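Here's the structure, in structure tokens; my notes come after.
Counting begins at 1 with the first residue of the sequence. It should be emphasised that the depicted structure is a prediction, and the values quoted were computed from it without experimental measurement. All values below come from the heavy atoms of this structure, side chains included, with hydrogens, waters and symmetry mates left out.
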Amino acid sequence: MNLDFFARPLLDAIGFSEVLEADGERGVVCLRYITRQELTHSGGRVLQGGIVTAWLDSAMAMAVAAREDSAIVSSLELKVSFLAPVGPGAFDVEAKILRWGRSVVFLEADVWSGERKLLARASSTCKLLRADPTSLEYRPA
């Protein structure tokens, strides 16, 4: 999987640590994120929900990139369910492609604690975009 498309400063800002698995054939990725203390509230015990959402959203985009390097996504809809607080530490985010259409892709992602407790789940519907080989722009799939 080519991570060049993903802005490294953004990944660093949200606590991206490493790719644990990237299976383009299955459309599955597993990534590790680490809580950054300055992005917490409640006395440093809870990661801000927007950061958890960014973990889920970026993991789903990386599942698409794992399947097809020239494809990116533009979110049409994103739903996040927060099932338990995400505190300090390292967390795994697993994302997968549920359905790959001609121009739309359906995705899902989960945040897991080290003890394999499900903390958050997201689903997303995205517009597929592909690099235009004649320019620096992306065009709808």
Side-chain angles (χ1 to χ4, degrees), residues 1-133 135-141:
M1 176 175 65
N2 183 358
L3 291 179
D4 291 343
F5 175 76
F6 298 92
R8 192 63 206 201
L10 174 60
L11 292 177
D12 291 342
I14 64 173
F16 174 76
S17 173
E18 63 184 306
V19 176
L20 301 173
E21 176 188 1
D23 185 336
E25 197 170 302
R26 290 181 21 235
V28 173
V29 297
C30 184
L31 312 170
R32 178 149 301 147
Y33 292 84
I34 298 173
T35 304
R36 293 190 44 213
Q37 184 66 32
E38 66 271 21
L39 302 176
T40 64
H41 59 81
S42 302
R45 294 187 314 270
V46 179
L47 183 63
Q48 199 276 336
I51 302 304
V52 176
T53 301
W55 288 1
L56 293 157
D57 189 40
S58 63
M60 289 184 286
M62 287 187 201
V64 169
R67 177 166 171 171
E68 184 180 321
D69 270 348
S70 66
I72 63 169
V73 290
S74 177
S75 297
L76 299 172
E77 171 270 335
L78 174 65
K79 178 187 184 295
V80 178
S81 297
F82 300 98
L83 306 172
V86 174
F91 299 88
D92 294 346
V93 179
E94 297 173 0
K96 64 183 174 183
I97 297 168
L98 299 176
R99 184 172 187 282
W100 186 282
R102 283 184 296 157
S103 62
V104 174
V105 63
F106 297 89
L107 305 158
E108 188 174 81
D110 296 321
V111 176
W112 296 93
S113 71
E115 297 79 34
R116 295 301 291 171
K117 178 181 177 184
L118 181 61
L119 303 175
R121 171 166 284 170
S123 62
S124 185
T125 306
C126 295
K127 180 76 173 162
L128 279 170
L129 302 171
R130 292 195 173 82
D132 182 341
S135 74
L136 297 176
E137 297 186 16
Y138 284 82
R139 58 178 168 68

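Few gaps surround CD on E77; more than 12 heavy atoms of other groups in view lie less than 6.0 Å from it. The environment of R99 atom CZ is sparse: at most 12 non-hydrogen atoms of other residues, nucleotides or ligands sit within 6.0 angstrom.
Looking only at side-chain heavy atoms (C-beta outward), L10 and F16 stay at 4.5 Å or farther from each other. Using a 4.5 Å heavy-atom cutoff, the side chains of W55 and V86 are in contact. Side-chain atoms of L119 and L83, non-hydrogen and from C-beta on, never get closer than 4.5 Å to each other. Side-chain atoms of L128 and W100, non-hydrogen and from C-beta on, do get closer than 4.5 Å to each other. Using a 4.5 Å heavy-atom cutoff, the side chains of D57 and S75 are in contact. Within the 4.5 Å cutoff, the side chain of V29 has no heavy atoms near those of the V19 side chain.
With rounding to the nearest 0.5 Å, the separation of OG in S17 from CG in L11 is 11.0 Å. Here the straight-line distance linking atom CG of D12 with atom CZ of R36 works out to 8.0 Å at 0.5 Å rounding. Here S42 contributes atom OG and Q48 contributes atom CD; the two are 11.0 Å apart, rounded to the nearest 0.5 Å. Between K79 atom NZ and E108 atom CD the span is 10.5 Å, to the nearest 0.5 Å. Between L107 atom CG and L98 atom CG the span is 7.0 Å, to the nearest 0.5 Å. Taking OG of S70 as the start and CZ of R130 as the end, the distance is 6.0 Å to the nearest 0.5 Å.
In summary, E94 and R116 engage in a salt bridge, as defined by a charged side-chain N under 4.0 Å from a carboxylate O.
A59 approaches Y33 most closely through the heavy-atom pair N-OH, 3.9 Å. Looking at every heavy atom in both residues, R121 comes nearest to D110 through NE-OD1, 2.6 Å. Heavy-atom minimum distance, R32 versus D92: NE-OD1, 2.8 Å. For C126 against V73, the heavy-atom pair with the smallest separation is CB-CB, 3.6 Å.
Distance alone, capped at 3.5 Å, places no donor-acceptor pair between the E115 side chain and the K117 backbone. Formation of a donor-acceptor pair under 3.5 Å by the T40 side chain with backbone atoms of R45 is not found in this model.
The side-chain contact (heavy atoms from CB on, under 4.5 Å) test with V111 singles out one residue from V52, V80, L47, L118, and that residue is V52. Each of L78, I97, V93, V105 was checked for a side-chain contact (heavy atoms from CB on, under 4.5 Å) with M60, and the lone residue meeting it is L78.
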